[in-house]
Structures are given as structure tokens and as C-alpha cells.
Amino acid sequence: MKIVFMGTPDFAVPCLDICYENHEVIGVFTQPDRPKGRGKKLAAPPVKEKALKYGLDIYQPEKLKTPEMVTLLKELAPDCIVVVAYGQLLSKEILDIPERGCVNVHASLLPKYRGASPINWCIVQGEKETGITTMYMDVGLDTGDMIHKDVVSIGDDMSFEELYMALLPMGAQVLAKTLDAIENGSAPRIAQNDEESSYAPLLNKQNTMIDWHKSAGQIHNHIRGLNPIPVALTTYEGDRIKIFVSELTDMKTEQTPGTIINVSKSGLDVATGDGVLRLKEVQFPNGKRLAVSQLILGHNIEIGIVLGQ
RNA sequence: CGCGGAAUAGAGCAGUCUGGUAGCUCGUCGGGCUCAUAACCCGAAGGUCAUUGGUUCAAAUCCUUUUUCCGCAA
């Protein structure tokens, strides 16, 4: 099939590989280069880097919903448009262009966790399993009819990073299966049950701060679901510190939530709204990400200090 | 040149403001204690104080060049 591929971050790259290997990619759409990092350096999205290696035609429109882009896509005349974490919505006009429809790869078991950060939210909410869903796109946000679904289980201490690495190749596998089915006309159309849907909003600075009044289990999920991006935050004596890894304990306490009740090589034991959570890996300002056993060699962490104040 | 911070032993840090003997906690090595140990005791090795130039009798410390790293903001 002739495919137009739309995608931007790392997660979309293996999907581009699959399209390139099994089909004819006649155009790649990705977000424009943006100033990134500390200086102001212009950085190309990962999908663009890979498309350049393949020598594919690259388009980076600021806005996709323009008459020029619609005309361009009509001229390209793809059989199918594949969208993976592109970052822009497609209008009805564009959705109607490819004869075999527009396919989206989404990193959750739809209709749950529609939206921008499904992988993070699955862990934060303590889900036991998640997966990849492919669907025919419609004008809604991740609301189209589903095609294929693959499931992966989530371990109790699995971090976002680990789950992400598991889903990365899976996305490409499911996409490959889906494209084959579309090509030979055997792709199902399974409507989503909106009653069961939930939404995974983009994570921002507001919801990365740890609320120590929650239970140890909830905070543990929060920390591992945000590790390493965008990472759970709290404060220590006014300094913002990042928390990467935590561990559940059997301990109980009546201390104010956030209070450091013990410091050892094993970690920082912190009181929560329900139970005690042991912090294993943290990062202080100007410092590197450190295991607590390393941290306490040079930092004097005082018992009794209350985090998050 | 978006804003700010940092670079000191293998690791994590103090010392810099106020220039004057290179320090702490770990780790490593040797020895001791112990039924034994990641525990405890004694001892040792290990630094061109990131880099360039300057000021000074004297620079980790003050001024300056470059590089790298971190946080914020995007």
C-alpha cells in the first residue's frame, strides 16, 4: 500500500520502520523542528531523523488543517494514513482522503486511557495490564473503531520506563498486523463502548508533585508511573527534589504525612497518609540522580524534616 | 548568545564569601577482633582542586578563556 506516515517522538519510530519495510511510504509528516534543551538549539523530532536516513519525503507543517495541506495530501493520494503520536489532530476532510482509511496506534487498551499520556496514567492508577490498540480514526480523540488489541501485564514495581520499552516494539508489531489486515480486507471494525472510556490528560507540573496525604501505595504508583519522565517531585527544605524509585514497606506511623522518619543505606522512610514509603533513588538540585546509599555519603538528611512543605 | 547552578581522591560532598599545611563520609588495600559478617578497631595508598591566561610574596579560593554536567523555562 501507499502510506503517508504521521508521527513525532521515539515511540513512533519503530512504527515508521514497519511501514517502510512492508509498504511504500510516500510521505512523512512530523512536527516542525523546535528549540530544545538548555541553549536554544533547534532539534529535529526522532521521526524526522529516521525518515532522513530512509531518504523519505518529509513535511513539517505548523498546522495540518489548512487548504494547502489538504490539497497536498490529495495529490499524494495515499491508500492509507498511519498516525502515531503525531501531535496534531486530523480534520474530517483529511480523514476522508485515503481510500482505506486512517489508522492510529494508541498505547492503551481502548476505550480506557484515551489521550496524550496513557502509559504514565496506567501505572499511576495501579492498573495490572495495558497494551496497544489500533483503530480507524474519526474526528474524536482516540474514539474510532478498533482493529487489533494486544495486552501486556504490568508488574507491581514496573516503572514507566520499563513499560514504555515493552510497548515500543509491541506498537510496531500490532501495526504490522493491522496493515496486513487492511490490505487484504480482513480488518474488523469494533466500536468503542463510550461508557467504559477514561481520559489520560497530558502530565504537567501541576500533577507531578507528590501528595503525601495519599496512601503509600498510591504514591508508589505515582512515582513509578512518572519515572523517569516527567518524574515525581517534592520539596526538601524549600528545594525541589525528584523522586525516581520507591519501595512499599509494612511499617505504620502516626507522623505527619511527608515526615522523614528514618534514614539508612536502604532508603529514606517517609510517612504518608496511610503507611510508610521508602524512597530509594532521588535527585537534589545541581546533583545527579543518586541511590540513597550514595546520597547520604555527602548529604546530611535530617530525620524529622517534612517533605512537600 | 532564554534564566540560574555546578566541576575538589574510585563515589558522594565540605572547604571558596574572609587567599596562607588538601578535608569528611564511603569504597579500595594491609593488619586486628570475631564461630562469623555488609559489623567493630588500627593503619596505608590514592588529588596538576575541569581547562586557559591574569592579579599576588602566596590561588581550590579573586578576575578571565574554553569545555562538560545539572535545574528551570520552552
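To find a chain, count down the sequence lines: A is the first, B the second, and so on, and within it residues start at 1.
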In whole Å, what separates the P atom of C24(B) from that of A45(B)?
13 Å
For nucleotides 9-13 of chain B, list the nitrogen or oxygen atoms of the protein found under 3.5 Å from its nitrogen or oxygen atoms, one pair per line.
from: A11(B); atom 1: O2'; to: Q294(A); atom 2: OE1; distance (Å): 2.2
from: G12(B); atom 1: OP1; to: K288(A); atom 2: NZ; distance (Å): 3.3
from: G12(B); atom 1: O2'; to: Q294(A); atom 2: O; distance (Å): 3.3
from: G12(B); atom 1: N2; to: L297(A); atom 2: O; distance (Å): 2.8
from: C13(B); atom 1: O2'; to: G298(A); atom 2: O; distance (Å): 2.8

P atom, C26(B) versus C69(B): distance in rounded Å?
31 Å
For the P atoms, the ones on A14(B) and on A9(B), what distance do you get once it is rounded to whole angstrom?
12 Å
Phosphate-side-chain proximity, K242(A) and G71(B), N/O vs OP1/OP2 below 4.0 Å
yes
Lys/Arg N to Asp/Glu carboxylate O, D274(A) vs K252(A), below 4.0 Å:
yes
R114(A) bridged to D194(A) by N-O distance under 4.0 Å
yes
Check the side chains of S246(A) and H220(A) for a donor-acceptor pair under 3.5 angstrom, ignoring hydrogens and angles.
yes
Among K242(A), R289(A), K288(A), salt bridge (charged side-chain N to carboxylate O under 4.0 Å, His left out) partner for E281(A)
R289(A)
Y113(A) vs Q125(A), test: side-chain hydrogen bond (donor to acceptor under 3.5 Å, both in side chains). Steps then yes/no.
CA-CA 10 Å; Y113(A) 301 103; Q125(A) 298 296 330; 5.0 Å; no
With both distances kept under 3.5 Å, what pairs with G10(B), Watson-Crick or G-U wobble?
C26(B)
Taking only the C1' atom of each, what is the distance from G43(B) to U51(B) in whole angstrom?
37 Å
Round to the nearest Å and state the distance from L42(A) atom CG to G2(B) atom P.
12 Å
Pair D145(A) + R189(A): basic N to acidic O under 4.0 Å:
yes
Report the residues that fulfil side-chain hydrogen bond (donor to acceptor under 3.5 Å, both in side chains) with H222(A), sequence neighbours left out, ordered by chain and then residue number.
none
Report yes if a side-chain nitrogen or oxygen of R34(A) is closer than 4.0 Å to either non-bridging phosphate oxygen (OP1 or OP2) of A74(B); otherwise report no.
no
side-chain N/O R240(A) vs C72(B) OP1/OP2, d < 4.0 Å:
yes
Mind checking P285(A) for me? I need base, sugar-phosphate or nothing, with any heavy atom below 4.0 Å counting as a touch.
nothing
Return the value, rounded to whole Å, for the distance between atom CZ of F284(A) and atom P of A7(B).
17 Å
